[in-house]
Amino acid sequence: DKDAPTITSVTGNPTTWTKNDVTLTINGAKDTGSGLHATETYSFDGGTTWQTGNTKTYTGNTTGIVIKVKDKLGNIYTHPEINIIYIDKDEPTIASVSGNPTTWTKNDVTLTVNSASDTGSGLHTTETYSFDGGATWQTSNKKIYAENTSGIVIKVKDKVGNIYTHNTINITYIDKGTPSITSVTGNPTS
């Protein structure tokens, strides 16, 4: 037996973004001569280590995966290199949130999320920003407040559902009330 084993396929490598672990599976491995090796059958690191199982799980993006299959006599099949590049477990980031006044104003306040980004899958296209802790989502990075509001929790979501939560914001300097007086004194009546 001088022939290397054969396989049907390697499956599991995603072609779109995911936030889940990825499991590569070697399918249909066989050897028509001596048969597959009993204990050192599969390698997912170019032959450095061997295992009996035909699967390996990856928790992050990994390049240069060289899969090998060995028969009983040491003949080895080498699969073309695989790169896992679509795992995104990192939350998006934002540079800052602007618009919260530090002095009194009688105007509405617009909070703006500045420079949100995601280096993996990218920002979600429709449910990108939440200004209520994730209860509702919007595409706009701005929210207008007409009155003082406490406990504003801003969140930003990427395409696979990773979420960044910004520090809680309290708007405390809006004053739209009309001044009032309780009485006027000093005007003589006689």
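For Tyr42, there are no ring pair (Phe, Tyr, Trp, His ring centres under 6.0 Å) partners two or more places apart in sequence or in a different chain.
No hydrogens or angles considered: a donor-acceptor pair under 3.5 Å links the side chains of Thr23 and Thr57. Asn27 and Thr11 share a donor-acceptor pair across their side chains, judged by distance under 3.5 Å alone.
For NZ of Lys157, the number of neighbouring non-hydrogen atoms (other residues, nucleotides, ligands) closer than 6.0 Å is greater than 12. At most 12 heavy atoms of other shown residues, nucleotides or ligands fall within 6.0 angstrom of atom CD1 in Ile144. Atom OH of Tyr86 has 12 or fewer heavy atoms from other residues, nucleotides or ligands within 6.0 Å.
Side chain of Asp88 to main chain of Asp90: a donor-acceptor pair is present (N/O by atom type, distance under 3.5 Å, no hydrogens or angles). The backbone N or O of Val160 sits less than 3.5 Å from a side-chain atom of Asp158, completing a donor-acceptor pair.
Taking OG1 of Thr102 as the start and CG of Asn100 as the end, the distance is 8.0 Å to the nearest 0.5 Å. Summarising the geometry, atom CG belonging to Asn20 is positioned 12.0 Å from atom OG1 belonging to Thr59; distances are rounded to the nearest 0.5 Å.
Using a 4.5 Å heavy-atom cutoff, the side chains of Asn75 and Asp1 are in contact.
In summary, Asp132 and Lys155 do not engage in a salt bridge, as defined by a charged side-chain N under 4.0 Å from a carboxylate O.
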